[in-house]
Amino acid sequence: MKLCIAEKPSVARDIAKVLGATTPKSGYMEGNGYCVTWTFGHLCTLKEPHDYATHYKSWDLIFLPIIPKNFGIKLIDNNGVEKQFQTIEKLVQECDEVINCGDAGQEGELIQRWVLQKAKCDKPMKRLWISSLTEDAIKEGFENLRPADDYKNLYLAGNARAIGDWLLGINATRLFTKKFGGNKGVLSIGRVQTPTLAMLVQRQKEIDAFTQEEYWELKTKYRDVLFSASIDRLKTLEKAEKGLAYLKQNQFEIVSFEIKEGKEKNPRLFDLTGLQVEANKKFGFSAEHTLNYIQSLYEKKHTTYPRVDTTYLSENLYPKIGGILKSMTIYSEFTAPLLSQPIPKTKAVFDDTKVTDHHAIIPTEIPPSSNLTREEKLVYDLVARRFIAVFYPECKISNTLVEGQVGTIPFKASGKQILEPGWRTVYAKDKKEEKNDKEKDEEQTIPEFVAGEKGEHEPLIHQGKTSPPKPYTEATLLRAMETAGKQVEDEELREMLKNNGIGRPSTRANIIETLFRRKYIERKKKNLVATSIGIDLIDIIEDEVLKSPELTGEWESKLRKIEKGEYEANQFKEELIEMVTGLTQKVISGKGKVINFEEEKPAPKEKTPRVKTEIIWAETQCPKCKSNNLMKGKTAIGCSDFKACGFKVSFEILGKKLSEKQLQDLILKSKTSKLKGFTGNQEEGILLMNDDFSVALK
């Protein structure tokens, strides 16, 4: 009998169905020579300090650092876990071979190996390694089972990570809590959590220390194009006014006019961090929620394995691309042009050297079903459009640069026009994001100029204020974790820095949520802000090794090297033991300071009574005839010359009485907000005023 162990009951059911193990038993499925059982994620965990010696129950500085000679594992204390483990243990003893069907990643490997280690498994082991849960993928995976030894280094890296987190987390948390907590609360320290908090605190301090300054810029309009002076910002209004006076005395002259055609590269396929960033930007989803949505889509067989950190596909996937695109029928308007010719095979998409365990997140041949949640549909749409977009041609653009001068003052204007949208076609219907002034200037349409031409112009002064550094959002924090705090826009450079990022794609969301739970950070709208407790904690940590993203990134790089067999797991452990020992001695002998766990409460806002602004219809112009004002009658608002004009809107529409504010929105803005309480087939919706001034419910 062959024993298959999956990470979740739902995955076990999918595997059992393919294998023909259709007879349900207590804690497993059986049939066709197979038993298929499951874990519930982690069944085992590393032992706690008191499991090694009872005196470690006491959080006392004299017992630090706690460094077990040999790290042990134990079952998680839960009746359901214990019952399922007994089932697995019994099946392990009875089987002839074990097939590890855990999640195909470092954490999945660790979960299964710990359970099998606890069950004293000495049977031959194989590994199922698949990137999606479709029936075809499972069948193909079982036809190509791999030796378990191929993944030994993956387990060693996962085990080293867990031990490293234990060594630092247990010792540093006890150390700082006893030294600085004043018996008022726990000060949690973590290998990834603390440098992440340090980045947020650093940004918070930069914002708090920022002093806003006013500045003035000289601009001018020539032939309806806005030009900006190519000089330093002026610090006083007096200088700006002198400059303006000078500009008025001279004509505008074109110095050079240049048009360059260029290309905008296609966006890359999503890795998990990229998807979390995009979902946060577009929909405000937290990293944890996005991970849950894409994990659900994976388990429903609509997308491939999500916990990945590559944006490339392996070359052997190329023959399957056409089939996936054909199955995406709801996107046929975008896939049809691709399917009418050979799919391009470029190194920007297919590159075996950039793919290790898994490829980028893409759709499977199984299109989404109607039972998806709204959020899952939105996340699927992100993945689907990105998958289609990478096979489109590049976007061709024209960049125009015009340089001019007024007297001795140089000016320039630039513009960008899309010549051929290429991949942008896939995103044409997206809501256009708000652009800042600079981007608006760059997108102005620029006519043809001739060097040497001169003419009158309209100079002006633009007043502005310097802006503080932007607070982190989840999107920008995830990117900072990926690059160990370095600000990197270029996608190719970011790919190179991933090996030294802090945390793994699958753990970063949990790290951010941990900082929320510890009350070290809080949300202010979309922004993440360090609390006073979080700031105080970082301030008392003097040793950079605990809070430096770069150093934590180096540890992460070593863990990746362990995965590849290029670094010894024991050496990584010894380095951490040495670091924890030195840190403990340093902090114990240093000065103490008690952190204040009380969060500063904002002063209560004085309630200002809401002033109800009266709508004076007699001063409001009729939107239809535009020559008379409106008047309020007993049952409607209408034109004061109703007989000639005929404009009227009733107080009651489709059984709903409208407030004067709602009527004002309908008349002046041509629509209301979403309203409820209508009679008939449709109970809620938006009232719209049509071009013929009739009213409809949408």
Side-chain angles (χ1 to χ4, degrees), residues 42 44-53 56-61 63-74 76-77 106-107 110-111 114 157-181 185-201 481 502-504 506-521 533-534 537-538 540-549 551-556 558-559 562 569 572-588 595:
H42 278 282
C44 296
T45 185
L46 287 173
K47 286 181 177 178
E48 295 172 70
H50 62 261
D51 294 318
Y52 297 104
Y56 285 143
K57 281 186 178 179
S58 168
W59 283 36
D60 199 312
L61 291 175
F63 299 133
L64 298 180
I66 302 167
I67 300 169
K69 191 174 181 182
N70 294 301
F71 281 83
I73 55 170
K74 65 175 186 177
I76 290 168
D77 188 15
Q106 193 185 94
E107 194 73 4
L110 187 67
I111 286 169
W114 275 357
N159 197 55
R161 176 185 296 278
I163 288 172
D165 288 343
W166 191 100
L167 277 167
L168 193 61
I170 293 288
N171 285 293
T173 296
R174 291 188 176 204
L175 178 65
F176 279 83
T177 298
K178 293 307 290 180
K179 186 76 177 179
F180 306 105
V186 173
L187 292 173
S188 173
I189 305 286
R191 187 179 58 85
V192 180
Q193 157 193 325
T194 304
T196 303
L197 175 60
M199 288 195 293
L200 284 156
V201 170
M481 292 173 79
I502 60 174
R504 287 179 72 86
S506 55
T507 61
R508 287 176 191 139
N510 187 49
I511 293 296
I512 295 170
E513 291 303 318
T514 299
L515 292 173
F516 280 120
R517 284 196 300 273
R518 301 289 183 195
K519 295 191 169 28
Y520 294 158
I521 64 172
I533 299 172
L537 175 57
I538 294 302
I540 61 166
I541 299 173
E542 293 179 0
D543 202 322
E544 279 300 306
V545 78
L546 274 185
K547 56 184 182 180
S548 162
L551 289 170
T552 306
E554 285 176 23
W555 293 345
E556 205 67 47
K558 286 174 182 175
L559 286 165
I562 293 169
F572 179 77
K573 186 174 85 171
E574 291 306 317
E575 286 172 8
L576 272 172
I577 288 171
E578 187 180 335
M579 189 271 286
V580 166
T581 304
L583 175 73
T584 305
Q585 292 166 352
K586 198 172 175 181
V587 172
I588 289 174
I595 277 188

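Every value quoted in this text rests on a predicted model; they were computed, and no experiment measured them.
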Ignoring hydrogens, what is the shortest heavy-atom contact between Gln193 and Ile511? Give both atom names and the distance. CA-CG2, 3.8 Å
Mind listing the closest non-hydrogen atom pair of Ala162 and Leu110 along with its distance? CB-CD2, 4.3 Å
Does the side chain of Leu197 reach to within under 4.5 Å of the side chain of Thr194, using non-hydrogen atoms? no
With rounding to the nearest 0.5 Å, note down the distance linking OG1 in Thr584 to CZ in Phe63. 14.5 Å
For residues Phe71 and Lys573, determine if any side-chain heavy atom of one lies less than 4.5 Å from a side-chain heavy atom of the other. yes
Show the numbers, then the answer: is there a side-chain contact (heavy atoms from CB on, under 4.5 Å) between Leu515 and Leu200? CA-CA 11 Å; Leu515 292 173; Leu200 284 156; 4.3 Å; yes
Side chains of Thr514 and Arg517: any donor to acceptor distance under 3.5 Å? yes
Let me see the working for Leu583 and Leu175 under side-chain contact (heavy atoms from CB on, under 4.5 Å), right down to the final yes or no. CA-CA 9 Å; Leu583 175 73; Leu175 178 65; 4.2 Å; yes
Is it the case that over 12 heavy atoms from other parts of the model lie below 6.0 angstrom from the CD atom of Glu542? no
Between CG on residue Leu576 and CD1 on residue Ile163, distance to nearest 0.5 Å: 10.0 Å
Keeping the roles fixed (side chain from Glu556, backbone from Gly503), state whether a donor-acceptor pair exists under 3.5 Å. yes
Indicate the atoms forming the closest heavy-atom contact of Phe572 with Lys558, along with that distance. CD1-CB, 4.1 Å
So which atom in Ile66 and which in Pro49 form the shortest heavy-atom distance, rounded to 0.1 Å? CD1-CB, 4.0 Å
Atom CG of Leu537 and atom OH of Tyr520: how far apart are they, to the nearest 0.5 Å? 5.0 Å
Non-hydrogen side-chain atoms of Leu546 and Phe176 separated by less than 4.5 Å: yes
Separation between OG (Ser188) and CZ (Arg174), nearest 0.5 Å, reads 13.0 Å
Within this structure, what is the OG1-CD1 distance for the pair Thr507 and Ile512, rounded to the nearest 0.5 Å? 10.0 Å
Considering residues at least two apart in sequence or located in another chain, which fulfil the side-chain contact (heavy atoms from CB on, under 4.5 Å) criterion with Val545? Asp543, Leu551, Trp555, Met579
Sequence neighbours excluded, the answer for side-chain contact (heavy atoms from CB on, under 4.5 Å) partners of Glu48 is His50, Asp51, Lys74
Does Glu107 come within less than 4.0 Å of Arg504, counting only side-chain N to carboxylate O? no
Taking every non-hydrogen atom, the tightest pair across Ile502 and Pro549: CG2-O, 3.3 Å
Kindly say whether Ile538 contributes a backbone atom to a donor-acceptor pair with the side chain of Lys547 at under 3.5 angstrom? yes
Is Trp114 reaching over with its side chain to a backbone N or O of Asn159, donor-acceptor style, under 3.5 angstrom? no
Using a 3.5 Å distance criterion without hydrogens, assess whether the side chain of Lys179 forms a donor-acceptor pair with backbone atoms of Ile588. yes
Closest approach of Ile189 and Thr173, non-hydrogen atoms and distance? N-OG1, 3.0 Å
To the nearest 0.5 Å, what is the distance between CG on Leu559 and CZ on Arg191? 5.5 Å
